[in-house]
Amino acid sequence: ASLSWRSRARGSLLLAACADAIGSVFEGHRGLDPEAVAAAVDRPKVPLQWTDDTAQMLVLAEHLAAQEGRIDMDALAAAFGAAWAAEPSRGYGPGAVTMLAQIAAGTPWQSAARAVFDGAGSLGNGAAMRVAPIGLLPGRNLDDVAAAAVTSALVSHVHPEGIDGAVAQALAVAIAANTPGTERPQANEFIEQITARTATAAFAADLQAVPSLIDGPASAIGERFRCDATALGAVPASIAVFLRHPDDPRAAIKEAIGLGGDTDTIAAMTAGICGAYCGEDAVPASWTAVLEQAARVLAAADGIAGP
Ligand code: R7I
Ligand code: MG
Ligand code: MG
Ligand code: MG
């Protein structure tokens, strides 16, 4: 039977939220013990409490649902600011805190987003980590997805690499959601569809390295990419792990966390792509049962996927 769009949206948001929670225990650590990672995935710490990645992903999904798939940049920026102000201890990045505090205090996002990192704007992975809902809007072609990803990024991440991270991750989710479950995603084609729509030479080069990392050892991913809180360091690595384990979210999440570094975010982005490909039935029921605000995650998915 073919997967419904709703099942794919639910699978993506649920797995992203679960992986964020499971991966957050290891964020910032390097040289992780594979057995400790496997234990954390197979017997996670209960309840599954997610971080800023999922907090912002839910804000974006709920915004899109309320606006019938459109983005009102002023309202979206205000909603991110309000979510941070309500729960500032979700593990936000330092640039994000500076920017969201300004937005919450009434500074226009146009100046707040541009001011961080000495005026360069953030190249962090924050615009990418929250973007899955854009790849899950029904009836969009890949150019539409890329354009909406740019718009969603600009309220906080104006550096070209911060934007490219959101474009690449949104496209990965969209391509996965449009791949029939009977077909395995093909790495070269998957990457070409993304690089046709990213803007920077850095993203083109790193994404083009991904197909060579599908069959070798996982350690080669950690050697090629920084696996840190930057967009360039995290997004190509996440796509690589997905392409290695498209229909096995547990294996994908173990491998993503095992890279070390930005473990919640890389695991969440990897899992968000897996869920778009596999659908809701691939989410371990034992995880959903202990996931913080699981009903809200499901409602957010249904809100963007439609009936
Ligand atoms: O992008 P952002 O929201 O961070 C997301 C990360 C994820 O790991 C979450 O789980 C959470 O832990 O934070 O927040 P930013 O602070 O804007 O960017 C993240 C990091 O990217 C920063 O702390 C910097 O290390 C790095 N970074 C930059 N470094 C140098 N120059 C971002 N922009 C720059 C830059 O211009
Ligand atoms: Mg986080
Ligand atoms: Mg953090
Ligand atoms: Mg993180």
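Atoms within each ligand, like the ligands themselves, are counted from 1 in listed order.
Because the distance cut-off is set at 2.8 Å, Thr265 qualifies as a neighbour of the Mg ion (ligand 4) through one of its N, O or S atoms. The distance from the Mg ion (ligand 4) to the nearest N/O/S atom of Asp20 is not under 2.8 Å. Taking 2.8 Å as the threshold, Tyr92 does not count as a candidate ligand of the Mg ion (ligand 2), since none of its N, O or S atoms lies below it.
In this structure, Arg8 contributes its side chain and Leu136 its backbone to no donor-acceptor pair below 3.5 Å. With hydrogens and angles disregarded, a donor-acceptor distance shorter than 3.5 Å links the side chain of Asp248 to the backbone of Ala251. Side-chain atoms of Thr54 do not come within 3.5 Å of backbone N or O of Trp50 as any donor-acceptor pair.
Between Tyr277 and Phe242, the ring planes are perpendicular. Angles over 60° get that label, and only those under 30° would be called parallel.
Among the atoms of Thr51, none of the N or O lies under 3.5 angstrom from an N or O of ligand 1. For ligand 1, none of its N or O atoms has an N or O atom of Thr230 under 3.5 Å away. Considering backbone and side-chain N/O of His159, none are found under 3.5 Å from N/O of ligand 1. In terms of N/O distances under 3.5 Å, ligand 1 is not approached by Met129. Polar contact with ligand 1: absent for Ala120 (N/O pair, distance under 3.5 Å). Remark: ligand 1 and Gly91 share an N or O pair separated by less than 3.5 Å (distance only, no angle test).
Counting the atoms of ligand 1 from 1 in the order shown, those under 4.0 Å from a heavy atom of Asp264 are 10 (O). Near Ser122, meaning under 4.0 Å from one of its heavy atoms, ligand 1 places the atoms 1 (O), 15 (P), 17 (O), 18 (O), 32 (C), 33 (N). Here is the list of ligand 1 atoms found below 4.0 Å of a heavy atom in Asp53: 9 (C), 10 (O). Interface atoms of ligand 1 facing Ala96, defined by a heavy-atom separation under 4.0 Å, are 3 (O), 14 (O), 15 (P), 16 (O), 17 (O).
Nearest heavy-atom pair across Met269 and Gln169 is O-NE2, 3.2 Å. Of all non-hydrogen atoms in Ala120 and Val158, the two that sit nearest each other are O-CG2, 4.3 Å.
Minimum-distance N/O/S atom of Asp262 relative to the Mg ion (ligand 4): OD1. Asp53 contributes atom OD1 as its closest N/O/S atom to the Mg ion (ligand 2). Checked against the Mg ion (ligand 4), the N, O or S atom of Glu27 at the shortest distance is OE2.
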| After noting the C-alpha distance and the side-chain angles of Arg70 and Gln67, does the key distance pass the side chain to side chain donor-acceptor pair (under 3.5 Å) rule? | CA-CA 5 Å; Arg70 287 181 300 275; Gln67 308 277 337; 5.6 Å; no
| field | Residue pair Arg224, Asp206: steps toward the salt bridge (Lys or Arg N to Asp or Glu O under 4.0 Å) verdict | value | CA-CA 8 Å; Arg224 179 63 180 78; Asp206 281 15; 3.0 Å; yes
| message | Let's go through Glu292 and Lys45 carefully: what are the C-alpha distance in whole Å and the side-chain angles of both, what is the deciding distance for salt bridge (Lys or Arg N to Asp or Glu O under 4.0 Å) to 0.1 Å, and is it a yes or a no? | response | CA-CA 12 Å; Glu292 176 188 9; Lys45 195 169 148 273; over 6 Å; no
| request: For side chain to side chain donor-acceptor pair (under 3.5 Å), just list the numbers for Asp164 and Thr198, CA-CA rounded to whole Å, side-chain angles, deciding distance to a tenth of an Å, and then say yes or no. | output: CA-CA 6 Å; Asp164 260 358; Thr198 50; 4.6 Å; no
| message | Pair Asp302, Arg6 - check salt bridge (Lys or Arg N to Asp or Glu O under 4.0 Å), show working. | response | CA-CA 6 Å; Asp302 294 354; Arg6 175 171 287 205; 3.5 Å; yes
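With a heavy-atom cut-off of 4.0 Å, Asp228 does not touch ligand 1 at all. Of the heavy atoms in Leu123, both backbone and side-chain atoms come closer than 4.0 Å to ligand 1. At a heavy-atom cutoff of 4.0 Å, ligand 1 is contacted by the side chain of Glu27 but not by its backbone.
There is no side-chain donor-acceptor pair under 3.5 Å between Arg114 and Ser122.
Comparing Ala229, Ala268, Pro94, Gly121 by heavy-atom distance to atom 19 (C) of ligand 1, the nearest is Ala229.
Taking the Mg ion (ligand 2) as the apex, the angle formed with OD2 of Asp264 and OD1 of Asp52 is 170°, to the nearest 10 degrees.
Looking at Lys254 and Asp42, a side-chain N of the basic residue comes within less than 4.0 Å of a carboxylate O on the acidic one, giving a salt bridge.
Between Met99 and ligand 1 there is no heavy-atom distance shorter than 4.0 Å.
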